[in-house]
Trainee: 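Before I ask anything, here is the structure I am working with.
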Amino acid sequence: MGDDDDGQSKNVVFVTVGTTCFDALVRAVETPEIKQELLNRGYTDLLIQMGRGSYTPTKCGGEDGGLAVDYFTFSSSIAQHLKSASLVISHAGSGSIFETLRLGKPLIVVVNEDLMDNHQSELAEELAERKHLLYARPQSLHQTISTMNLESLIPYHPGDATPVAKLINKYLGFPDD
C-alpha cells in the first residue's frame with residue numbers, strides 16, 4: 001500500500017477492536033501461525049489498534065524477514081489507517097464494518113463472543129452471506145485467513161435512502177421536496 005523508508009512496498013494488515021476490550025482478537029492475530037500465513041500471502045506489516053485491552057502485543061520491526069508488528073490503543077480517527085491497509089481485520093461494530101466496506105477494503109470481521117448482546121454477529125453473518133466480507137471467530141481466524149479468496153468478495157454499495165426518507169416525510173406531514 002504505502003512505501004517504507006527503503007522504498008519497499010508495504011502491504012499492511014490493519015486490525016481494529018474499536019473502543020472495547022477484545023484481547024482474544026489481539027492474541028489471535030499475534031500467533032506465529034497467523035503472522036506466518038499473512039507473510040505467506042504477501043503482507044509485510046501488522047498494525048493493531050488494541051483499544052482497552054490488557055494484553056499488549058509485541059512490537060517487531062520485521063528485520064528477521066518476518067512481519068513487522070506495531071500497535072496503539074486509540075486514535076482520534078482510524079480513517080487513514082483504513083485507507084492505507086491492504087486487508088482489515090475488525091471487530092463486528094457496525095461503524096467499523098461500514099467504514100471499511102465504503103472504502104472498498106477487503107475485510108475479515110471477527111465477532112467478540114464475550115459481549116452480552118451479540119447482535120453484531122447477525123450483521124457480520126448477513127454481510128458475509130452476501131459476500132461483502134469474511135466472517136470469523138478468534139479461534140477460526142487462522143483457517144479463515146489460510147483459505148480466504150479476496151477476489152470472491154463483492155463490493156458493498158450503500159442503498160439509496162431517498163425513497164424511505166420521502167415516505168417518512170409524507171407520513172409525518174412534511175412537504176415533498
Side-chain angles (χ1 to χ4, degrees), residues 1-2 9-51 53 67 69 75 77-167:
M1 285 278 34
S9 181
K10 285 187 176 186
N11 278 328
V12 178
V13 177
F14 178 58
V15 179
T16 178
V17 304
T19 59
T20 64
C21 173
F22 195 1
D23 284 345
L25 174 55
V26 176
R27 285 181 192 276
V29 297
E30 202 187 28
T31 62
E33 296 82 14
I34 287 182
K35 290 195 297 189
Q36 187 60 52
E37 188 62 42
L38 291 171
L39 198 61
N40 292 348
R41 289 177 164 268
Y43 298 104
T44 58
D45 294 72
L46 179 63
L47 178 60
I48 304 168
Q49 181 269 316
M50 57 180 270
L67 208 58
V69 179
S75 176
S77 171
I78 63 168
Q80 192 54 46
H81 298 297
L82 291 171
K83 286 178 187 170
S84 64
S86 301
L87 172 66
V88 177
I89 300 174
S90 175
H91 68 115
S94 60
S96 296
I97 289 174
F98 287 114
E99 189 174 358
T100 303
L101 292 177
R102 280 189 206 102
L103 290 170
K105 298 294 179 173
L107 174 62
I108 300 173
V109 170
V110 182
V111 173
N112 188 345
E113 296 171 316
D114 294 334
L115 295 178
M116 293 292 284
D117 178 17
N118 213 354
H119 67 277
Q120 293 180 341
S121 65
E122 295 170 11
L123 173 63
E125 287 172 10
E126 179 63 28
L127 290 168
E129 208 170 282
R130 294 179 184 207
K131 302 203 182 311
H132 297 304
L133 54 82
L134 300 171
Y135 170 81
R137 290 185 157 68
Q139 61 272 24
S140 67
L141 184 58
H142 178 258
Q143 180 182 356
T144 300
I145 292 170
S146 64
T147 61
M148 70 182 178
N149 176 4
L150 300 180
E151 285 75 39
S152 71
L153 294 176
I154 298 170
Y156 173 79
H157 300 288
D160 180 9
T162 305
V164 174
K166 284 185 176 192
L167 184 63

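Residue numbers run from 1 in the order of the sequence given. Computed from a predicted structure; not experimentally measured.
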Trainee: Nearest 0.5 Å, please: how far is CG in Asp45 from CG in Asn11?
Mentor: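 Interatomic distance, Asn11 CG to Asp45 CG, rounded to 0.5 Å: 8.5 Å.
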Trainee: Roughly how far, to the nearest 0.5 Å, is the CG atom of Leu127 from the CG atom of Leu153?
Mentor: 11.0 Å
Trainee: How far does CD1 of Ile48 sit from OG1 of Thr16, to the nearest 0.5 angstrom?
Mentor: 11.0 Å
Trainee: May I have all residue pairs that pass side-chain hydrogen bond (donor to acceptor under 3.5 Å, both in side chains) and include part of residues 140-150, sequence neighbours excluded?
Mentor: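 Qualifying pairs: none.
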Trainee: CD/Glu99 to NZ/Lys105 distance, rounded to the nearest 0.5 angstrom?
Mentor: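 Output value for this atom pair is 12.0 Å.
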Trainee: Under the ring-ring contact (aromatic ring centres under 6.0 Å, His included) definition, can you give me all pairs with a residue in residues 93-114, not counting sequence neighbours?
Mentor: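 For residues 93-114, and leaving out neighbouring residues, the ring-ring contact (aromatic ring centres under 6.0 Å, His included) pairs sorted by first residue read Phe98-Tyr156.
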Trainee: I need the full list of salt bridge (charged side-chain N to carboxylate O under 4.0 Å, His left out) pairs touching residues 24-42, with sequence neighbours left out, sorted by first then second residue.
Mentor: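 Residue pairs with at least one partner in residues 24-42: Glu37-Arg41.
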Trainee: Got Phe14 and Thr100 here, is their nearest side-chain heavy-atom distance under 4.5 Å?
Mentor: no
Trainee: Closest heavy-atom contact between Ser86 and Pro106?
Mentor: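 Heavy atoms only, the tightest pair is O-CG, 3.2 Å.
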Trainee: Would you indicate whether the side-chain heavy atoms of Leu141 and Thr31 approach each other to under 4.5 Å?
Mentor: no
Trainee: Determine whether Ser96 and His91 make a side-chain contact, defined as any pair of heavy atoms from C-beta on separated by less than 4.5 Å.
Mentor: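 Side chain of Ser96 against side chain of His91, heavy atoms only: contact under 4.5 Å found.
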Trainee: If we only count heavy atoms from C-beta on, is the Asn112 to Leu25 side-chain gap below 4.5 Å?
Mentor: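 Result no, sub-4.5 Å side-chain heavy-atom pair not found.
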Trainee: Looking only at heavy atoms, which two atoms of Cys21 and Gly53 are closest? And how far apart?
Mentor: SG-CA, 3.7 Å
Trainee: For Val109, does its backbone N or O pair with a side-chain atom of Ser90 as donor and acceptor, under 3.5 Å?
Mentor: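 Judged by distance alone, no pair lies under 3.5 Å.
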Trainee: Looking only at heavy atoms, what is the nearest atom pair of Tyr43 and Leu67, with distance?
Mentor: O-CD1, 3.3 Å
Trainee: I need the Leu133 CG to Ile89 CD1 distance, nearest 0.5 Å.
Mentor: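 Atom-to-atom, Leu133:CG and Ile89:CD1 are 12.5 Å apart.
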Trainee: Evaluate the side-chain proximity of Arg130 to Ile154: yes if any heavy-atom separation is below 4.5 Å, no if none is.
Mentor: no
Trainee: Can you see which heavy atom on Ala124 is nearest to which on Val111, and at what distance?
Mentor: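 That would be CB-CG2, 4.3 Å.
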Trainee: When Ile108 is tested against each of Val88, Ile145, Val29, Val15 for side-chain contact (heavy atoms from CB on, under 4.5 Å), which residue passes?
Mentor: Ile145
Trainee: Do Gln49 and His81 have side chains that approach each other closer than 4.5 Å (heavy atoms only, starting at C-beta)?
Mentor: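 In short, these two side chains do not touch, never coming nearer than 4.5 Å.
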Trainee: In the structure I gave you, are the side-chain heavy atoms of Leu150 and Leu134 within less than 4.5 Å of one another anywhere?
Mentor: yes
Trainee: Kindly compute the distance separating CG (Leu103) from OG (Ser84), expressed to the nearest 0.5 Å.
Mentor: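 Reported value, rounded in 0.5 Å steps: 10.5 Å.
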